[in-house]
Amino acid sequence: MARTADVVIIGGGIHGCSTALHLALRGLKPILVEKDYAGRHASGVNAGGVRQLARDQAEIPLSISSMDLWEHVQELVGDDCGFTSHGTVLVAENDEELASFEARVDDLRLRGFTHEELIDQAELRRLVPAVSEHCPGGVVSRRDGAADPFRSTQAFRKRAIEKGAEVLEGVTVTGLSKVGDVWRVETSDGAIEAPKVVNAAGAWADRIAAMLGEPVPLTVVAPMLMVTSRLPSFIQPVVILRGRKLSFKQVDNGTVVIGGGHLAAPYRDRNETVIDWEKLAISARTVWELFPLMRQATIVRAWAGIEAYMPDGIPVVGKSSTSEGVFHQFGFSTHGFQLGPGTGAMMAELVATGATNVPIDGLGIERFRR
Amino acid sequence: MNASDLAPSYDLVVIGGGPAGLAAASTAARAGLATVLFDENPGVGGQIYRGITANPVKNHAILGNDYWVGSTLATEVKGSGALIVNGATVWSLDRSLTVGVSMGGKARLLQAKRIIIATGSLERPFPIPGWTLPGVMTAGGAQTVLKAQGLVPSGRTVMAGNGPLLWLLAAQILRAGGKIEAIFDTSSKRNWLRAAMHLPDFLLSPYFGKGLALLREVKAKVQIVSARQIEAVGTDKLREVVVDGRRIGADLLLLHQGVVPNVNLAIAAGVAHRWNTRQLCFVPVLDADFQSSVPGIAVAGDGAGIAGGTAAAERGRIAAIAAVRTLKPGANVPDPQNARQRLQHEEMGRAFLDELYRPVESLRRPEGDTIACRCEEVTAQQIRETARMGCEGPNQMKAFLRCGMGPCQGRLCGLTVTELIAEERGTTPDEVGYYRLRPPVKPISLGELASLPISEAERKAVER
């Protein structure tokens with residue numbers, strides 16, 4: 001006989017775990033099915049940036065609601081998740097770039113968003129003294145920060161279980177069908193029946209959508225990161241660039257994580273990625289120019305997590321366009337970690353009540369229907 | 001030779017200049033493959049034949065005949081046409097057979113049609129209380145110094161552990177005029193029972209005669225004491241060694257409990273490995289030609305499972321012959337059957353040695369405050385507790401405790417962490433698995449990485 005639940009969540013990344021927790025907090029019984037273990041892929045191995053800065057307008061409300069949860073994450077999950085808040089700084093490398101940043105900040109203000117703040121060279125150097133002198137200014141989002149990705153995902157998973165969710169790891173979903181009003185989720189460990197299903201399967205979410213006759217143009221990507229050996233503390237905020245691909249962050253233990261979106265070759269059926277050193281060398285040269293004191297640093301590890309990228313670079317969040325009772329929460333396009341807490345809370349509300357107060361216009365899967 | 005002098009691609013890239021790598025490179029190059037061998041040391045020879053081409057030890061008796069065999073291999077490879085590059089660190093290898101190598105502070109990527117990994121073995125971790133104190137080192141480390149610089153330990157030297165290398169080093173130290181206060185043999189008496197069934201093979205193997213002579217030579221000059229618990233004590237450096245409650249003043253403690261394959265490069269390249277219950281370590285899954293699960297990558301030498309230097313050279317030859325037969329089917333190569341027979345003869349006595357020198361559990365799976373991961377200073381107790389809390393594998397453990405995330409990339413703690421998790425969770429090391437290893441397999445500087453030649457695609461991107 002099939003197991004039963006109120007909601008089946010497919011995928012144990014930070015999104016699936018957060019949705020499981022928030023559903024359990026609403027008194028529902030979710031079963032989360034994860035083919036590997038929670039946080040095995042992008043959620044566990046991303047750069048850990050908790051950033052509202054430089055986001056697409058369609059996801060800013062989710063990002064702001066997430067930020068509120070990150071700032072109280074200890075109360076939410078019983079673990080501080082390594083969250084620190086020293087801001088994110090978008091560095092302009094020339095005056096032209098700075099002018100375009102200013103236009104964006106002005107535009108956001110007109111729309112009522114005030115988290116992005118233009119800064120001049122003096123403030124930039126106060127916030128990031130180590131940055132090269134050729135940079136004329138930038139934008140800061142002062143509430144932003146960083147957290148430990150695997151620890152955070154695990155903390156959401158643990159708290160979800162404590163609140164009544166069931167988490168099945170090493171279990172793969174093999175089929176989805178509707179029996180009356182109930183979804184029957186076939187897995188490698190037997191069937192589960194539930195009226196609602198959430199597809200939070202990340203880089204594998206297109207396969208779940210395909211089972212519903214709802215194909216999506218998802219690209220599997222693996223953004224690369226590398227980390228240095230420990231260095232004396234020299235930078236607090238996370239630094240990102242626009243023109244060249246770079247994100248740069250010093251962790252409390254002194255190691256520096258360098259990322260920015262150069263891609264490895266992903267092999268999602270083997271859970272494997274192959275690093276592209278020529279592209280990481282580009283990142284190394286960018287760091288070389290931007291932070292002269294990094295030149296002698298040692299690279300000890302490079303890696304990449306497998307995740308989903310959508311053609312428009314923003315996630316798929318909301319109700320299925322074909323299948324009543326199914327919800328999508330994937331395609332976060334290399335910037336989904338920060339969105340995990342808030343999107344999970346929103347999704348739980350949407351699943352439980354059929355509606356949500358957080359605007360998610362423009363994120364629905366129907367945008368890919370021809 | 002500079003990094004910029006390397007060709008963009010080679011038929012065969014051999015990684016490691018020990019017996020397996022030397023034999024593989026010369027076999028392949030003689031058959032006409034464009035072959036390059038990278039080795040990170042100043043001269044070829046690997047660990048076993050370290051410094052073979054420029055050894056300061058003039059008296060050949062000190063290091064023994066088995067060592068000087070290495071000069072034949074070194075001479076052979078010289079005339080073979082293989083390009084031998086010393087001082088070259090291979091820091092990346094992947095399943096597309098792209099090799100990242102660094103020399104003289106400059107990095108290069110090059111493409112291979114075939115790879116032979118011959119990165120040999122390293123010493124099994126010996127995690128006892130105090131093993132991180134200055135004055136405590138591995139027997140292999142002491143042997144490296146003896147081979148490369150001709151230096152013999154001074155002060156009060158104590159050795160502990162077991163395995164053929166421990167006895168070999170003891171003999172070498174004594175022959176070089178050094179003194180050893182005592183050797184504490186940590187073999188379990190029960191090992192004899194398990195080993196006995198393999199005795200007939202051992203008696204026929206080349207190990208038998210050599211091993212017995214070595215033991216006799218050492219026992220004539222040094223007190224050998226059976227021991228179960230070893231502890232190194234001192235504040236800023238080693239002061240004494242406590243053995244089963246007995247205290248011995250010492251300036252140097254040399255530890256050794258066997259060698260295990262150096263799996264880092266192969267695992268990073270995606271080669272499948274399995275736990276070997278007799279050798280108590282992970283070994284790559286290989287076919288009869290030493291080809292791995294990744295097409296184009298072979299693993300030869302002790303990296304394919306511990307069998308010693310002579311066996312390593314035969315394995316290197318077999319792997320190279322297979323590479324030649326695929327890339328140049330018409331080329332003239334030796335019949336691999338001969339190498340296989342010699343290999344079989346060499347491997348005969350191995351089971352006996354593995355059982356006889358099987359390291360005891362208590363010295364593989366430490367308890368309490370004993371450090372397991374030296375780089376990040378993680379204790380055995382922390383690992384045991386985290387495993388009990390539900391952490392199922394070493395990769396999750398990395399995220400909780402950072403063990404294995406330091407510069408050594410788990411070389412000094414990988415087996416310990418796997419075994420501790422397996423014990424706490426009541427499962428097998430095979431189930432628990434090993435660290436997923438990330439390149440660079442050896443650390444490189446940001447400057448080295450930035451020195452990678454700019455590709456055509458990138459130049460275009462910048463110009464646009």
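Since we're looking at a predicted model, the values are computed, not measured. So you know, we letter chains A, B, ... as the sequences are listed, proteins then strands, and number each from 1.
Of the atoms belonging to A/R151, not a single heavy atom falls under 4.5 Å from chain B. Neither the backbone nor the side chain of A/E169 comes within contact range of chain B; no heavy atom of the residue lies under 4.5 Å from a heavy atom of that chain. For B/I444, the parts lying under 4.5 angstrom from a heavy atom of chain A are both the backbone and the side chain. Both the backbone and the side chain of B/Q396 have a heavy atom closer than 4.5 Å to some heavy atom of chain A.
Ranked by heavy-atom pairs under 4.5 Å with chain B, the list A/K279, A/R40, A/R295 is led by A/R40. In terms of heavy-atom pairs under 4.5 Å with chain A, the best-connected choice from B/G406, B/G390, B/P439 is B/P439. For chain A, the option among B/M405, B/Q409, B/E392 with the highest count of heavy-atom pairs below 4.5 Å is B/M405. Here A/R230 is the residue among A/R230, A/M226, A/Q296 with the most heavy-atom pairs under 4.5 Å with chain B. Between chain A and the options B/D94, B/L437, B/L449, heavy-atom pairs under 4.5 Å are most frequent for B/L449.
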Run the side-chain hydrogen bond (donor to acceptor under 3.5 Å, both in side chains) test on A/T255 and A/N253 for me, step by step, so that the C-alpha distance in whole Å, both residues' side-chain angles and the decisive distance to 0.1 Å come before the verdict. CA-CA 6 Å; A/T255 60; A/N253 64 28; 2.7 Å; yes
Please assess A/E97 against A/R242 for the test salt bridge (charged side-chain N to carboxylate O under 4.0 Å, His left out), listing each intermediate value before the final yes or no. CA-CA 8 Å; A/E97 235 179 35; A/R242 213 354 122 58; over 6 Å; no
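In summary, A/E289 and A/R285 do not engage in a salt bridge, as defined by a charged side-chain N under 4.0 Å from a carboxylate O.
Here the closest heavy-atom approach between residue A/L231 and residue A/A297 is recorded as CD1-CB, 4.1 Å.
Checked against the 6.0 Å centroid criterion, the rings of A/H15 and A/F332 qualify as a close aromatic pair.
Between A/W70 and A/F83, the angle of the ring planes stays under 30°, which puts this pair in the parallel group of the 30/60° scheme.
In this structure, A/D189 contributes its side chain and A/L168 its backbone to no donor-acceptor pair below 3.5 Å.
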